[in-house]
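For clarity, every value in this text was computed on a predicted model and none was experimentally measured. Counting starts at 1 for both ligands and their atoms, following the listed order.
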Amino acid sequence: MKHLLLSSLALLSCSATAAFAANEVIPIRTNSTDLVLKVGPNNRLYQVYLGERLLNESDYQHLPWDVYAASDGSVCQRGWEVYNTGGSEEFFEPAIDITHTDGNTTTYLYYQSHEQRTVEGGTETIIRLADNRYPVQVTLHYVAYPEQDVIKTWSEIVHHEKADKKARNIAPNGCIQLRSVNSAMLYFRRPQYWLTEFSSDWAREAQMSSQQLQFGKKVVDTKLGSRAAMHSHPFFEVGLGQPAAEQQGEVLMGTIGWTGNWRYTLEVDNVGALRILPGLNPNTSAYQLKAGEVFTTPEFIFTISNQGTSLGSRHLHDWARKYQVRDGEKPRMSLLNNWENTYFDFDQEKLANLMKEAKTLGVDMFLLDDGWFGNGDHARNGDTAGLGDWEVNHAKLPGGVPALCDAADAAGVKFGIWIEPEMVNPMSDLFEKHPDWVIRQTNRETYYYRNQLVLDLANPAVQEYVYQVVAQILTDGSVNGDSRVCYFKWDCNSPITNIYSPYCKDKQSNLYVDHVRGVYNVMSRVKENFPNTPMMLCSGGGGRCDYEALKYFTEFWCSDDTDPIERLYIQWGFSQFFPAKAMCAHVTDWNRSASVKFRTDVASMCKLGFDIGLRHLNDDEIKYLQGAVANWHRLQGVILDGQQYRLVSPYESNHMAVNYVSASQQKAVLFAYDIHPRYKEPLSKVRLQGLDATKRYKVAEINLMPGEASTLSENGKVFSGDYLMKVGLDAFSQESQHSRVIELTAE
Ligand code: DGJ
């Protein structure tokens, strides 16, 4: 009876607003993009426009809500429903699919109200929709950042349904089931659509490939549970009308903020419209939602550029630094890591020597990687034991973290440390004590990924444990309350395997979502309580590269593949969506056939670090490195905070070039790389971008080997910005694995 009453109330309120709301227009605007929504005569909400901003708001009234023509030529009263629902007259992929407590699988959403409010960086539009038969409300959120042309959107779902006795087997606990749920839904009507996706694997991240989308669906997704990426990254581009290109054409660039199972559905329908649904991956994940609990989808962030991906990337970089990435406007620390130097084989003395090497290089910090914890049978001397036991290994490091901090102080560098707190090796004290804290199946043979399992972070007790582990390490060695552990590298090497949560009990299908939310609970608590500790996000290379996790992290590790040639492609790929400031690039011994200079010049275009031992290097190489580190520090404001212009693609040539320009346009840095030029290959000049055409810039090649004179013909000369952008510099060479770093200073 109560249920009926509620339903009728909802129905009443829908019809009450219907007359008033029909034709109501809701514009979501950035400086260059309009997303226009309109309430139809049936009181449902439709997308009537998405594209280049319309000059006259008065033209909104001309935008029809019913965009379809039926095949017999008659007008069909259907439009592009903004958040279309399963079980309605919509025949394509729905934005949301719900099973209600009585087993009914249909949902219809009607416009209730909307409001707009000012938020940091832009305007948030909040739109409330509700079913007229079931007490289910959906709230759509859109934050438009005008200057960056970025829109961030997500949805919230809440219901007040009662358990239905007659349908006990469907909803025994009064939950509705979200069989699929997306953050938003976007429509485009263009002659062609070209998808650029970013496929991936360990040591092969962010590989770009394009294909034309034809009728039907293309699904890009992951099912890794604990990370955003391994086989595909959570971002994509769609060339609207033509393949996505750097400098021209209309392109949509979108990315979802979710460190777990996500899915993009791109569907070209019967009339050639492209429907894009970014959301949670519904695979084994029908979410059981309790009455009164708000289900919030991941954020989907997108920009539309009319001048190709180059401009779109700059908009995303700007937006990310200002509004999304933790400490996005603060400087970053350069570092020396010991991972590839020592792997698990180190002791206090070896590390103290590396700290001295860090000082010799001139970097800010020494970062201690995996292998410093676990004792006895569970000592972390390889990857088979110790994860979970976060007590320092007494045999390797008798003085513990305080002694390491002292050694770093003595060397004159800061100290940072690696953790992987969400994981456990079966060979650990933690596993022996709390087997019920682990995601695993006791009635099947266990599948191990890197000999480890994932802790059940859906469980609040496990969240508390993980938080305390992190907090303890950060405060160990503190002096007068000040933490001397100045940096964290937070790793996550295993996807979720053996999917079963002892904690989730009869709600196993909630595990994937609740686990990720548990991870965020810990991360946000760490950020709140340790606001001054920068942190690197890492996941067996670049598996964690999403904008939700980056709210809690200052940067991410792009790949374990540090071969500079491979890195040119990997960094080109990630730079489509992430600012150089968030991308960690280290100089290592991968590909020793490339000079130390080439390897360092490649890493210098992002957040610079090292993972090499100086003992293998000669004096000239060490001198070169000292100069390069000093240059990077001096130019950090241009490289990490400036505007990035990708000039020459490694996908389209045997070279790569990118330049950065400071906000004042006083300084610029050009990085030019030759990969494997062909014999007698004709070389083009590199034309810079983003300079002030009227300014005059002095050209200086930097990062030269000691005693080496620049062979750049324009070195030391002065040119106008106009000349540099229209004519360019002879920055490329015929040599394989050759690089140039060129500093431009306005006079
Ligand atoms: C994977 C990371 O990507 C590496 O940089 C290193 O930290 C190892 N894990 C340590 O186990």
Side-chain angles (χ1 to χ4, degrees), residues 200-206 224 226-231 233 259 334-346 351 354 365-374 378-390 393 396 415-425 427-428 448-454 469-470 473 485 487-495 534-546 549 553-564 566-567 570-571 574 582-591 599 603 606-613:
S200 169
D201 207 336
W202 179 77
R204 228 185 116 69
E205 285 85 347
L224 303 152
S226 62
R227 57 205 296 186
M230 184 143 79
H231 304 122
H233 286 287
T259 319
S334 57
L335 61 85
L336 174 69
N337 190 0
N338 72 310
W339 176 238
E340 295 196 15
N341 253 310
T342 63
Y343 292 106
F344 297 98
D345 179 20
F346 56 79
L351 297 183
L354 284 172
M365 182 205 355
F366 171 75
L367 170 63
L368 170 58
D369 214 284
D370 196 354
W372 58 267
F373 49 89
H378 299 154
R380 182 79 172 164
N381 291 324
D383 62 15
T384 52
L387 281 178
D389 300 347
W390 297 100
N393 180 290
K396 289 184 194 175
F415 176 69
I417 201 163
W418 176 98
I419 48 164
E420 194 181 2
E422 300 151 60
M423 301 286 156
V424 63
N425 284 124
M427 280 176 63
S428 66
Y448 294 101
Y449 191 98
R450 209 195 189 204
N451 309 303
Q452 62 197 60
L453 293 168
V454 181
V469 161
V470 174
I473 297 166
V485 176
Y487 185 84
F488 249 11
K489 175 179 177 184
W490 183 313
D491 210 341
C492 161
N493 282 295
S494 177
M535 295 198 204
M536 181 205 289
L537 191 57
C538 175
S539 184
R544 279 186 165 173
C545 51
D546 68 87
F553 286 78
T554 48
E555 54 226 50
F556 71 96
W557 181 231
C558 299
S559 176
D560 281 345
D561 189 339
T562 42
D563 174 335
E566 293 304 325
R567 274 292 181 134
I570 291 170
Q571 291 169 194
F574 277 121
M583 291 166 52
C584 300
H586 294 179
V587 180
T588 73
D589 279 339
W590 281 56
N591 184 1
R599 285 181 261 158
C606 296
K607 209 223 85 168
L608 179 65
F610 294 85
D611 206 340
I612 43 171

Can you tell me how the ring of W390 sits relative to the ring of F373, calling it parallel under 30°, perpendicular over 60° and tilted otherwise?
tilted
In terms of relative ring orientation, are H586 and W557 parallel, tilted or perpendicular, with 30° and 60° separating the classes?
tilted
What are the atoms of ligand 1, with element, lying closer than 4.0 Å to any heavy atom of [X]?
| X | value |
| --- | --- |
| K489 | 4 (C), 5 (O), 6 (C), 7 (O) |
| W557 | 3 (O), 5 (O) |
| G540 | 1 (C), 3 (O) |
| D560 | 1 (C), 2 (C), 3 (O), 4 (C), 5 (O) |
| G541 | 3 (O) |
| D369 | 6 (C), 7 (O), 10 (C) |

For atom 11 (O) of ligand 1, grab the closest protein heavy atom and report residue, atom and distance to one decimal in Å.
D370 OD2, 2.7 Å
When distances are taken from atom 9 (N) of ligand 1, the protein heavy atom at minimum range is D491 OD2, 2.7 Å
Please work out, at 4.0 Å between heavy atoms, whether the side chain, the backbone, both, or neither of [X] comes within that distance of ligand 1.
| X | result |
| --- | --- |
| R450 | side chain |
| C538 | side chain |
| E420 | neither |
| N493 | side chain |

Could you tell me whether the side chains of N493 and E420 share a donor-acceptor contact shorter than 3.5 Å?
yes
Test: E422 and R544 ion pair at under 4.0 Å
yes
Is it the case that the side chain of S428 and the backbone of V424 share a donor-acceptor pair, with hydrogens and angles ignored and the cut-off at 3.5 Å?
no
Run the ring-centre check on F344 versus W372 and record whether the distance is less than 6.0 Å.
no
Go through the steps to decide whether W418 and Y487 satisfy the test ring pair (Phe, Tyr, Trp, His ring centres under 6.0 Å), and finish with yes or no.
CA-CA 9 Å; W418 176 98; Y487 185 84; over 10 Å; no
Quick one: pull up CZ in F488 and SG in C538 and give me the separation to the nearest 0.5 Å.
13.5 Å
Mind checking whether R380 has an N or O less than 3.5 Å away from an N or O of ligand 1?
no
For R450, does the CZ atom have more than 12 heavy-atom neighbours from other residues, nucleotides or ligands under 6.0 Å away?
yes
